[in-house]
Participant: 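This is the structure, below, for whatever I ask next.
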Number of protein chains: 2
Amino acid sequence: MSISTASKALNNTGRMGDETRERVKRAAADIGFRPNALARGLLSNRTFTIGLLTNDTYGRFTLPVMAGITEALVDHGVSVFLCTIEDDPALGKVHVDAMLDKHVDGIIASGKRIDRRLPVDLSNLPVPVIYAFTEGAPGSVTFCADDYQGAALAVEWLQGLGRRRIAHVTGPESFVSVRERAKAYRDLAGDRLPVMYGMWSEAWGHEAVAQLWSAAGAKPDAIFCGNDQIARAVVDALRERGVRVPEDVSVVGFDNWEIVAAQTRPPLTTVDMNLKALGREAGLTVLALAEGRSVEPGIRTLPCELVVRQSCGGSPDR
Amino acid sequence: MSISTASKALNNTGRMGDETRERVKRAAADIGFRPNALARGLLSNRTFTIGLLTNDTYGRFTLPVMAGITEALVDHGVSVFLCTIEDDPALGKVHVDAMLDKHVDGIIASGKRIDRRLPVDLSNLPVPVIYAFTEGAPGSVTFCADDYQGAALAVEWLQGLGRRRIAHVTGPESFVSVRERAKAYRDLAGDRLPVMYGMWSEAWGHEAVAQLWSAAGAKPDAIFCGNDQIARAVVDALRERGVRVPEDVSVVGFDNWEIVAAQTRPPLTTVDMNLKALGREAGLTVLALAEGRSVEPGIRTLPCELVVRQSCGGSPDR
DNA sequence: AATTTTTGAGAAAAGCTTTTCTCATATTGA
DNA sequence: TCAATATGAGAAAAGCTTTTCTCAAAAATT
């Protein structure tokens with residue numbers, strides 16, 4: 001039995017008798033033959049390997065993205081190198097070089113905010129690069145969540161529950177995500193209340209509630225928060241003041257960070273950015289690029305969805 | 001110029017004139033030559049690639065471990081495949097097979113608790129396997145944190161601050177980690193107070209405080225918590241009751257989960273399991289195994305350390 | 001029955017390095 | 001000056017697949 005015959009039998013290629021083909025396959029299965037992906041890659045220029053590059057140390061955003069990528073690609077036999085580069089360009093270069101040496105089929109760049117570049121140069125690489133939840137190079141394909149739409153979802157939900165004095169407590173104005181969300185808030189909730197920019201911390205949530213409740217005049221009946229950590233703090237601060245959530249005030253978060261949203265009392269209704277779906281799309285897209293299919297460049301925006309828990313009233317609570 | 005001469009020049013091997021060697025190196029640098037790791041691996045049976053397998057979806061434990069592995073191995077040119085298998089054996093097999101096909105030099109199995117196996121068979125693999133923060137197969141090398149020592153650190157710290165009625169609010173007794181920590185607590189703090197087993201949730205932290213403060217008799221002057229989430233809830237619950245932390249009661253957590261420990265008011269003094277160091281050791285160990293060096297099997301326990309913030313009093317607070 | 005077509009299987013090359021061996025030239029010593 | 005040694009460089013094989021080409025035997029056609 002020649003090597004080439006065996007190869008053709010196993011790959012269902014070439015011409016040969018059905019009986020021979022079967023016999024080869026059986027023998028291969030018997031001895032547990034697994035073709036060497038390296039030799040294969042050497043020939044085909046495909047390694048069924050991609051790299052995921054991120055500066056998101058805690059994995060808050062990158063892990064869901066990664067889960068989506070893996071889910072989409074594992075069926076295609078693709079494995080993923082995860083490289084967490086803090087904000088160190090030298091380290092970034094080392095990792096990228098390592099990936100290139102290993103001939104990854106493509107690279108997905110990700111991060112912790114959509115308006116910052118990774119501290120590493122990904123232009124003119126010999127492999128396709130696509131961006132997911134981080135700022136992409138011009139002319140590249142970039143995936144990100146639709147902050148405006150997500151925020152609109154939140155505000156409309158509050159309005160649908162009859163809330164009319166909705167406050168918006170959010171992160172630093174320097175984030176585009178923050179500005180997008182604030183824009184949706186202003187467009188929909190009017191501008192009776194100013195947007196409260198601050199920090200991504202619980203401390204700011206407490207502080208914001210203190211400001212709102214110490215101001216003169218009518219208090220808000222709903223607070224739309226820029227992320228779940230702020231929302232959690234807001235809920236805690238309200239409880240400490242004896243304000244009931246959701247009876248007196250509805251609170252919506254952003255991110256659907258399980259670990260925060262589900263542990264808050266009451267659990268947070270919050271906007272989910274569908275990062276897993278984003279990862280899935282990104283994965284499928286590098287794969288397409290790697291296979292030589294062409295893909296329209298540009299920014300692809302994926303819709304968010306609202307996860308309803310109990311911090312607003314509405315359906316899943318009493 | 002022959003290919004073999006070039007190879008020898010670049011690898012500083014073989015005999016040749018210094019001038020030739022230099023010339024080759026310069027030329028290689030000029031054209032940006034990078035040796036193909038696949039061809040290299042085909043020959044040397046080393047791919048400078050390892051797999052990290054985990055069922056820890058949120059990356060709470062695995063990400064620090066991964067950071068350690070990467071940190072230790074990136075200098076050796078090793079890249080890491082991250083495979084998150086929920087608790088799905090089929091998915092696990094797919095991922096392991098994919099890694100084997102790609103001829104990883106070794107596999108590190110990790111997880112979210114040290115007394116559960118990953119739902120996948122890693123015995124009789126053609127590559128070395130080591131375990132980090134998950135239960136290993138008999139005869140394997142396993143790394144884990146020293147729960148007893150970590151807990152002792154916490155209790156002794158409280159005692160050093162003059163606390164005498166120390167309570168222990170922790171997770172489910174089914175976890176060995178919980179039992180180990182409880183053992184240290186009992187050995188050191190005596191058994192005036194029963195260990196309070198419960199769940200890994202904030203709800204349990206609140207509940208436990210309610211139980212402690214509704215019981216008759218003297219109240220605790222310190223609470224050693226089984227993890228940071230419980231600790232956080234305990235701190236919140238105490239504050240709600242008007243009990244001052246750390247003036248009236250000191251609280252220690254476990255895990256040093258930044259995102260919880262640092263956001264708690266006051267920030268938590270807590271035990272850090274040094275997962276990054278654990279990852280580093282694990283990485284270096286697979287590498288050793290991959291290079292054919294022999295390694296003593298068994299369970300290696302790495303010491304925890306106490307991270308002092310403000311929830312106990314003591315140094316970094318007023 | 002002789003020739004053409006079809007069919008099945010093997011040989012060889014390619015993909016990129018590294019390593020071992022061989023060989024020609026330069027150098028040293030007698 | 002001639003033989004023996006040292007030195008530098010190239011040829012070839014190996015590592016594992018896949019693909020293209022070649023070729024012999026079987027089948028079909030005239």
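Bear in mind that the values here come from a model prediction, so they are computed numbers and not experimental data. Proteins come first, then strands; the chains are lettered A, B, ... in the order of their sequence lines, and each starts at number 1.
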Participant: How close or far is atom P of D:dT17 from atom NZ of B:K102, stated in whole angstroms?
Facilitator: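 About 15 Å, once rounded to whole Å.
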Participant: What integer distance in Å separates B:L43:CG from C:dG15:P?
Facilitator: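 For the pair B:L43 CG and C:dG15 P, the rounded distance is 17 Å.
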Participant: Any idea which of D:dG10, D:dT20, D:dT18 is nearest the A:R40 side chain?
Facilitator: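 Closest nucleotide to the A:R40 side chain: D:dT18.
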Participant: Base, sugar-phosphate alone, or nothing: which one does B:R34 contact when heavy atoms must sit under 4.0 Å apart?
Facilitator: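 Answer is sugar-phosphate: B:R34 comes under 4.0 Å of backbone atoms only.
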Participant: How many whole angstroms separate atom CG of B:D101 from atom P of D:dC16?
Facilitator: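 Interatomic distance, CG of B:D101 to P of D:dC16: 15 Å.
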Participant: Which listed nucleotide (C:dT19, C:dG15, C:dG10) is nearest to the side chain of A:T5?
Facilitator: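 Minimum distance to the A:T5 side chain belongs to C:dG10.
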Participant: Below 4.0 angstrom from OP1 or OP2 of D:dT17, is there any side-chain N or O of A:S7?
Facilitator: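 So the side chain of A:S7 is outside the cut-off, no N or O lying under 4.0 Å from OP1 or OP2 of D:dT17.
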Participant: Tell me: CZ of A:F48 to P of D:dT18, nearest whole Å?
Facilitator: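 So the two atoms are 11 Å apart, to the nearest Å.
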Participant: What nucleotide among D:dG10, C:dA9, C:dG15 has an atom nearest to a side-chain atom of A:T20?
Facilitator: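 Among the listed nucleotides, the one closest to the side chain of A:T20 is C:dA9.
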Participant: Specify whether A:W200 and A:F175 have parallel, tilted or perpendicular ring planes, treating 30° as the upper limit for parallel and 60° as the lower limit for perpendicular.
Facilitator: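 Perpendicular: the ring planes of A:W200 and A:F175 meet at over 60°.
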Participant: Among C:dG10, D:dG10, C:dT17, which nucleotide sits nearest the side chain of B:A39?
Facilitator: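 Nearest nucleotide to the side chain: C:dT17.
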Participant: Could you give the CG-to-C1' distance, from A:L10 to D:dT19, as a whole number of Å?
Facilitator: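 Whole-Å distance recorded here is 15 Å.
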Participant: Grab the CG-C1' distance between A:D18 and C:dA9 for me, whole Å please.
Facilitator: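 The answer, rounded to whole Å, is 15 Å.
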Participant: Look at the side chain of A:D105 and the backbone N and O of A:F48, then say whether any donor-acceptor pair between them is shorter than 3.5 Å.
Facilitator: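 Yes, A:D105 side chain to A:F48 backbone: donor-acceptor pair under 3.5 Å.
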Participant: Quick one: do the A:T54 and A:S110 side chains pair a donor with an acceptor below 3.5 Å?
Facilitator: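 No.
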Participant: Between the base of D:dG8 and the side chain of B:K8, is there a donor and acceptor pair under 3.5 angstrom?
Facilitator: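 For B:K8, whose side chain was compared with the base of D:dG8, there is no donor-acceptor pair (under 3.5 Å).
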Participant: Think B:N11 has a side-chain N or O under 4.0 angstrom from the OP1 or OP2 of C:dT18?
Facilitator: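 It does, given that an N or O in the side chain of B:N11 lies less than 4.0 Å from OP1 or OP2 of C:dT18.
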Participant: Would you mind telling me which of C:dT17, C:dT18, D:dG10 lies closest to the side-chain atoms of B:N36?
Facilitator: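 So the nucleotide nearest the side chain must be C:dT17.
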Participant: Roughly how far apart are B:L100 CG and B:K93 NZ, rounded to 0.5 Å?
Facilitator: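 So the gap between those two atoms works out to 8.5 Å.
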Participant: In whole angstroms, how far is the C1' atom of C:dC16 from the CD1 atom of B:I31?
Facilitator: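 Taking atom C1' of C:dC16 as the reference, CD1 of B:I31 is at 13 Å.
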Participant: Any N or O donor-acceptor pair under 3.5 Å from the base of C:dA11 to the side chain of A:S4?
Facilitator: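 Checked by distance alone, the answer is yes.
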Participant: Assign A:I3 to base, sugar-phosphate, or nothing according to its heavy-atom contacts below 4.0 angstrom with the strands shown.
Facilitator: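 The residue A:I3 makes base contact.
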Participant: With side-chain contact (heavy atoms from CB on, under 4.5 Å) as the test, would you mind laying out the steps for B:E86 and B:T57 before giving the verdict?
Facilitator: CA-CA 7 Å; B:E86 316 274 329; B:T57 320; 3.5 Å; yes
Participant: Find which nucleotide of DNA chain D each of A:R15 and B:L42 is nearest to by heavy atoms, and output the residue with the more 5' nucleotide.
Facilitator: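 This one resolves to B:L42.
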Participant: Report the distance from atom CZ of B:R21 to atom C1' of D:dG10, rounded to the nearest whole Å.
Facilitator: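 Between C1' of D:dG10 and CZ of B:R21: 15 Å.
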